[in-house]
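Below is one structure, written out as C-alpha cells, with a few remarks after it.
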Amino acid sequence: MDKGTLHEQFTDLGLERIEHIEQSTYRLTISSDVTGTDYPLIVTTVTCEQGNTVVNFEEADFEGGEAVPLHVRRAALDKLIELELLFLDTAAKSLKEANNSSMAQDMDEMKKLGNEMKHMKTGSELLENNQIPDPMQ
C-alpha cells in the first residue's frame, strides 16, 4: 500500500501520526472508563525503496512502562485486527487492479523500458563483438 493511502486510512480510524520520515509512528489513545486513564498505543510503519509501506503490527505496544489493564489490551488488539484486515483488503484490491500480464504497468514504466531497450545492442551487433546473444524466446 502506498504511504499516502495508508496515512489517510489510519487517520480516518483515529490514529495520529507523531513522527514521519521513512518510518512513521502513529499513536492511538485508548481510554479506559474503569481506570479513567488514557493509554497511548504506538504503531510504526516503514516505507521501502519501492514505495510500499509495511505496518509493524507485531511491534505495536503501549507508550511508557506502566501496567495496562487487560480490557485496554483487548481493545488495542481489536483495533490492530481491524487495521490489519483493512491493510490486507486494500493490498489485495491493488494486486487485483495491477495488470500483471504487461511488461510495463503504466506510461512511466513504459518510457523507462523504452529508454533501456534503446541502449541495448541487437543480436548482430553482439555477434560482431564476439558476444553471444540471448537465445530466441
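Hydrogens, waters and symmetry mates play no part in the numbers below; they use all other heavy atoms, side chains included.
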Considering only heavy atoms from C-beta outward, does the side chain of [X] approach that of [Y] to under 4.5 Å?
X     : Y     : value
Arg17 : Thr25 : no
Phe10 : Thr45 : yes
Arg73 : Leu77 : no
Ile30 : Val68 : no
Ile81 : Phe57 : no
Leu13 : Glu82 : yes
Ser31 : Tyr39 : no
Val43 : Val55 : yes

Count the heavy atoms belonging to other residues, nucleotides or ligands that lie under 6.0 Å from CG of Asp33, then report whether that count exceeds 12.
no

Holding to side-chain contact (heavy atoms from CB on, under 4.5 Å), I want the full list of residues that pass it with Asp61, two or more places apart in sequence or in another chain.
none

Could you tell me which residues satisfy side-chain contact (heavy atoms from CB on, under 4.5 Å) with Glu58, sequence neighbours excluded, listed by chain and number?
none

Between Thr29 and Asp38, does any side-chain donor sit less than 3.5 Å from a side-chain acceptor?
no

Could you go through Glu59 and Thr44, starting from their C-alpha distance and side-chain angles, then the distance that decides it, and tell me whether this counts as side-chain contact (heavy atoms from CB on, under 4.5 Å)?
CA-CA 8 Å; Glu59 297 175 10; Thr44 59; 4.2 Å; yes

Which atoms form the tightest heavy-atom contact between Leu28 and Gly14, and what is the distance?
CD1-O, 3.5 Å

